[in-house]
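Structure first, then comments.
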Amino acid sequence: MITVNQRKRFEQLEDTGDGMTLLVIENYPDAGLAALGRTAARMGHKWKTVRAYAGEELPNEAGTFSGLVTLGGGQNALADKEYPHLPRLCDLIRTFHEADRPVLGICLGCQLIARAFGGRNILSRPIEFGWQHVTPTAEGQADPVVSALGNGGPLFHWHTDTVSLPEDAVHLAESAMTPIQAFRIGRTTYAIQFHFEAASADVREWSENLADEILPHTPDWPERLDEEAARHADKSDALGEVIARAWLALLRRP
């Protein structure tokens, strides 16, 4: 379970009644805000979703948005031919960063932040899938968002690709398979490889809706799911919500 200090943080980040509006970029079907959206709604925030994978146009400027979230996907961060919005999304990430508006990239979004700031995208490694332990670095334990992990815990993963750290990035978390699980650039641009936004209900929905993508690489997942969820889901869900609230607490009106 989460610690007393984590619970205090959770309680301190309740709805302030001063909701803001996020720009959310969906890069792949069935890969939405999930629990992060439910947490944002409880905190009084709203968002505009751009389904970039379906050809919806990305804005050129940060405008009146308080922050940017770019989500995951089954493609790699260099798949410009199949997903021509990716270079423009890297430009948009830099635009929000330069405007000092918080940026959050999850999974593919993490890899796009690395690309946007000169990190290397490392493709087609062995898959890391299911609930796996994530450990914060010393810098992560002092970070206003990733410190929510405490001494570490199980979070959901689904990726083969990873990154090298961009110049001036702060390394925040790691796992046994993937040294770069989270990093920060500047004050409020966060790249997080693991799916903290995927609560157990979302994992079950992915497991059903995306079974054709899961079974080729993890054919025993239908048998493993209940057992892994019983061991890890409660703590993972709690950690994910605290991380979500900590990042959302960085938002402020433009």
Side-chain angles (χ1 to χ4, degrees), residues 22-34 36-37 47-63 65 67-97 103-130 156-166 169 177-183 185 189-198 202-203 205-219 221:
L22 293 162
L23 177 63
V24 176
I25 310 301
E26 289 187 3
N27 291 302
Y28 206 72
D30 292 312
L33 277 180
L36 175 59
W47 57 90
K48 172 181 172 57
T49 298
V50 175
R51 293 172 178 82
Y53 68 87
E56 294 182 2
E57 191 72 13
L58 297 174
N60 293 318
E61 303 294 337
F65 293 108
L68 171 68
V69 178
T70 178
L71 295 167
Q75 70 272 52
N76 69 64
L78 304 177
D80 297 353
K81 183 176 180 180
E82 298 87 352
Y83 298 89
H85 73 279
L86 295 180
R88 291 195 57 213
L89 180 49
C90 288
D91 291 340
L92 189 62
I93 288 167
R94 288 188 294 266
T95 295
F96 271 78
H97 176 81
V103 177
L104 174 63
I106 302 173
C107 197
L108 173 64
C110 166
Q111 297 156 21
L112 288 167
I113 290 176
R115 174 182 173 180
F117 290 96
R120 184 163 62 97
N121 291 109
I122 303 167
L123 308 183
S124 301
R125 296 169 67 252
I127 195 161
E128 186 171 25
F129 183 83
F156 195 77
H157 299 250
W158 186 357
H159 71 105
T160 57
D161 301 344
T162 187
V163 301
S164 67
L165 280 178
M177 280 191 66
T178 307
I180 310 300
Q181 280 287 350
F183 63 90
I185 298 175
T189 293
Y190 280 84
I192 297 181
Q193 181 63 57
F194 55 89
H195 285 284
F196 73 90
E197 88 288 9
D202 305 299
V203 171
E205 186 173 327
W206 289 356
S207 298
E208 180 177 345
N209 294 345
L210 301 172
D212 289 345
E213 298 185 36
I214 294 171
L215 295 180
H217 59 71
T218 312
W221 184 240

Checklist entry - Within the distance-only criterion (no hydrogens, no angle test), does the side chain of R94 pair as donor or acceptor with the backbone N or O of A116 below 3.5 angstrom? => result yes
Item to check | R125 atom CZ: more than 12 heavy-atom contacts under 6.0 Å | outcome: yes
Checklist outcome for this item: Correct closest heavy-atom pair for D161 and Q111 would be O-NE2, 3.5 Å
Checklist entry - Donor-acceptor pair, E26 side chain versus R51 backbone, under 3.5 Å? => result no
Item to check | Closest heavy-atom pair and its distance - D80, A77 | outcome: OD1-O, 4.3 Å
Checklist outcome for this item: Output for pair (L58 CG, H85 NE2), nearest 0.5 Å, gives 6.5 Å
Next on the checklist: What's the separation between atom CG in D30 and atom CD in E205, rounded to the nearest 0.5 Å?
Outcome noted: 7.0 Å
Next on the checklist: side-chain contact (heavy atoms from CB on, under 4.5 Å), that's the test. Do E197 and D202 meet it? Break it down for me.
Outcome noted: CA-CA 8 Å; E197 88 288 9; D202 305 299; over 6 Å; no
Checklist entry - Is any side-chain heavy atom of L92 less than 4.5 Å from a side-chain heavy atom of P59? => result yes
Checklist entry - Hey, what do you get for CD1 (I214) to CZ (F129), rounding to the nearest 0.5 Å? => result 4.0 Å
Checklist entry - Would you call the rings of H195 and F156 parallel, tilted or perpendicular, where under 30° means parallel and over 60° means perpendicular? => result tilted
Item to check | Y83 side, atom OH; L108 side, atom CG - distance, nearest 0.5 Å | outcome: 9.5 Å
Next on the checklist: Ignoring hydrogens, what is the shortest heavy-atom contact between I127 and M177? Give both atom names and the distance.
Outcome noted: O-CE, 3.4 Å
Item to check | Reported CH2-to-OG distance for the pair W221 and S207, which is rounded to 0.5 angstrom | outcome: 6.0 Å
Checklist entry - Is there a donor-acceptor contact under 3.5 Å from the side chain of N27 to the main chain of L71? => result yes
Item to check | Side chain proximity check, L22 to L104, heavy atoms < 4.5 angstrom | outcome: no
Checklist entry - So which heavy atom on T95 is nearest to which on A62, and how close? => result CG2-N, 4.0 Å
Next on the checklist: Around atom CD of E82, are there more than 12 heavy atoms from other residues, nucleotides or ligands closer than 6.0 Å?
Outcome noted: yes
Checklist entry - Can you name the closest pair of heavy atoms from I122 and S164 and give their distance? => result CD1-N, 4.1 Å
Next on the checklist: Using modelled atom types and a 3.5 Å cut-off, is there a donor and acceptor pairing between side-chain atoms of N121 and backbone atoms of V163?
Outcome noted: no
Checklist entry - Would you call the rings of F194 and H157 parallel, tilted or perpendicular, where under 30° means parallel and over 60° means perpendicular? => result tilted
Checklist entry - Are T160 and H217 close enough that some pair of their side-chain heavy atoms sits under 4.5 Å apart? => result no
Item to check | Least distance between heavy atoms, E56 atom then T49 atom | outcome: OE1-O, 3.9 Å
Checklist entry - To the nearest 0.5 Å, how far apart are CZ in F117 and SG in C90? => result 9.0 Å
Checklist entry - Less than 4.0 Å between a side-chain N and a carboxylate O, is that true for D91 and R88? => result no
Checklist entry - Would you say E208 has more than 12 foreign heavy atoms packed within less than 6.0 Å of its CD? => result no
Checklist entry - So F96 and F65, would you call those rings parallel, tilted or perpendicular, with 30° and 60° as cut-offs? => result tilted
